[in-house]
Each structure stands twice: as structure tokens, then as C-alpha cells.
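Since the structure comes first, as C-alpha cells, the remarks are kept for the end.
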Amino acid sequence: KQEVTQIPAALSVPEGENLVLNCSFTDSAIYNLQWFRQDPGKGLTSLLLIQSSQREQTSGRLNASLDKSSGRSTLYIAASQPGDSATYLCAVRPVRGGGADGLTFGKGTHLIIQP
Amino acid sequence: NAGVTQTPKFQVLKTGQSMTLQCAQDMNHEYMSWYRQDPGMGLRLIHYSVGAGITDQGEVPNGYNVSRSTTEDFPLRLLSAAPSQTSVYFCASSYRQVRQPQHFGDGTRLSIL
């Protein structure tokens with residue numbers, strides 16, 4: 001069974017720092033990996049989607065990488081801002097089940113950016 | 001520009017009551033699904049549908065019922081609510097192709113007393 005782990009569970013850094021959030025998964029047979037942001041009491045906002053054949057995706061100050069063979073992904077946030085404070089979720093779409101089984105999620109990294 | 005719309009946003013029920021959580025999308029997505037989010041557990045798949053008239057069970061289907069009569073709507077029914085079903089429920093949709101991104105609603109926060 002696919003399992004997704006996110007480290008660290010929580011992170012607090014001063015504004016302006018560059019930071020890396022980690023995601024690992026146990027089964028490399030995936031279609032893609034998606035990073036989400038969740039604000040308190042809110043829904044999930046998709047940040048980046050990386051297909052299994054891709055190595056990285058970029059959007060603004062965000063860069064996500066994927067090493068499928070080793071079962072790892074990182075989300076890099078450049079020049080962090082207080083508005084980046086949120087919980088970041090990593091999810092993979094396993095090949096097992098033909099993709100119909102939806103996404104397997106990690107438990108998230110709770111990020112606080114101190115002004 | 002509605003995307004995925006979930007209603008209600010909040011609900012309190014008594015044990016044994018029934019209710020339906022509504023989910024609608026206006027993107028003509030074939031694939032729709034329901035997740036629950038619990039502290040320390042992450043999101044877990046309850047039921048999913050690959051198109052109108054087709055539904056299947058996810059990881060935690062017990063106590064929930066679904067149907068898909070139209071492409072747009074995918075309601076989730078609690079037949080007899082239990083305190084263990086206190087959770088935040090999210091509906092998601094996407095095009096059927098597995099490489100398409102999932103789009104999520106804002107969630108329904110459900111408390112069972």
C-alpha cells in the first residue's frame with residue numbers, strides 16, 4: 001500500500017528565508033505528484049503538479065522537484081513571506097488501481113513564517 | 001468561475017440522524033471523489049465516481065452512500081450518523097485522464113453529537 005510521509009511536520013522560520021519541504025512515498029509507480037496549500041479552515045489549493053516523467057515544475061517563488069526512482073519530492077519556497085504561512089500537503093496518484101483510487105496524501109507540513 | 005462547490009459549509013447532527021452533503025462542479029469533469037480529513041490521519045478517500053452512473057468504494061466507505069445521476073453532481077449520504085464520522089469532508093473533481101490535476105472544494109465541517 002502506498003504511503004506518503006512529509007517531513008518536517010511543522011516548521012517556523014523568519015521572513016525572507018528560503019526553505020525546503022520534503023515528501024517521500026513508498027511505491028514509485030505513480031502517475032503524478034501534486035502539492036497543495038491549505039489555509040486554516042479552508043479547502044485545498046493546488047500549487048504544482050509534476051507528472052511522473054518530469055523532474056521539476058516552477059510557479060513564481062515555488063519550485064517542486066520529483067525523483068520518482070527514490071520516491072522523493074521537495075517543495076522549495078524562495079524568499080518566504082508571512083502570507084506563505086499555511087499547511088502544505090503532498091499527494092501522489094498511484095498507478096495501482098488505474099488511477100481511479102484518487103490521491104494518497106501525506107499528513108502535511110504546518111509552516112509559519114515569522115514577520 | 002465556480003469550480004467545485006460544496007454545501008453546507010458547516011453542520012451539526014445528532015447520532016442516528018441522516019443527511020446529504022452536496023457537491024457540484026461546473027468544469028464537465030468525469031471523475032469526482034469524496035475525502036475525509038481527520039487530525040493526524042491526512043485525507044482519506046471515501047467513494048469515487050468515474051462518470052454518471054458509475055461509483056466505487058475508496059479506503060473508508062463504511063457508513064456512507066453515494067450516487068452519480070449527472071456529470072455535475074456527486075452527493076454523499078450519511079444514513080445514520082455516528083460520532084466517528086465527525087470530520088471535514090472534501091469533494092474533488094478532475095478530467096478522467098489520470099494525469100490531470102485534482103480540484104477541491106472548500107469542505108464541509110461536520111460534527112456528530
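By convention in this document, chain letters (A, B, ...) are assigned in the order of the sequence lines, proteins followed by strands, and residues within each chain are numbered from 1.
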Chain A contact via B:Arg109 - side chain, backbone, both or neither, heavy atoms under 4.5 Å: side chain
Within one Ile-Leu-Val-Met-Phe-Trp-Tyr cluster: B:Leu43 and B:Leu76, side-chain cutoff 4.5 Å: no
Distance in Å, B:Phe104 CZ paired with A:Phe36 CZ, rounded so as to fall on 0.5 Å steps: 4.5 Å
Interface moiety of A:Thr45 toward chain B, non-hydrogen atoms closer than 4.5 Å: neither
Residue A:Arg72 excluded, over 12 heavy atoms near CZ under 6.0 Å: no
Residue, of B:Gly40, B:Gly58, B:Ser33, B:Pro39, that accumulates the most heavy atom pairs under 4.5 Å with chain A: B:Gly40
Part of B:Ser94 within contact of chain A (heavy atom distance under 4.5 Å): side chain
Crowding at CZ, B:Arg77 (>12 non-hydrogen neighbours, <6.0 Å): yes
Proximity breakdown for B:Gln6 and chain A, heavy-atom pairs closer than 4.5 Å: neither
Common cluster, A:Val13/A:Val20, ILVMFWY with side-chain heavy-atom separation under 4.5 Å: no
Criterion side chain to side chain contact (heavy atoms under 4.5 Å, CB included) on A:Gln38 and B:Phe90, from CA distance to verdict: CA-CA 12 Å; A:Gln38 185 176 26; B:Phe90 288 100; 3.4 Å; yes
Interface moiety of B:Leu45 toward chain A, non-hydrogen atoms closer than 4.5 Å: side chain
Point-to-point distance, once rounded to the nearest 0.5 Å, from CZ of A:Arg93 to CD of B:Gln100: 9.0 Å
same_hphob_cluster(B:Ile112, B:Met19) at 4.5 Å side-chain heavy-atom cutoff: yes
Distance-minimising heavy-atom pair for B:Gln37 and A:Leu89: NE2-CD1, 4.4 Å
Over 12 non-hydrogen atoms of neighbours within 6.0 angstrom of CZ in A:Arg55: no
Hphob cluster co-occupancy, A:Tyr76 + A:Leu111, side-chain heavy atoms under 4.5 angstrom: no
B:Gln102 side-chain N/O to A:Gly102 backbone N/O, donor-acceptor pair under 3.5 Å: no
Cluster overlap A:Leu33 with A:Leu62, hydrophobic side-chain contacts below 4.5 Å: yes
Contacting moiety of A:Leu49, where chain B heavy atoms sit under 4.5 Å: side chain
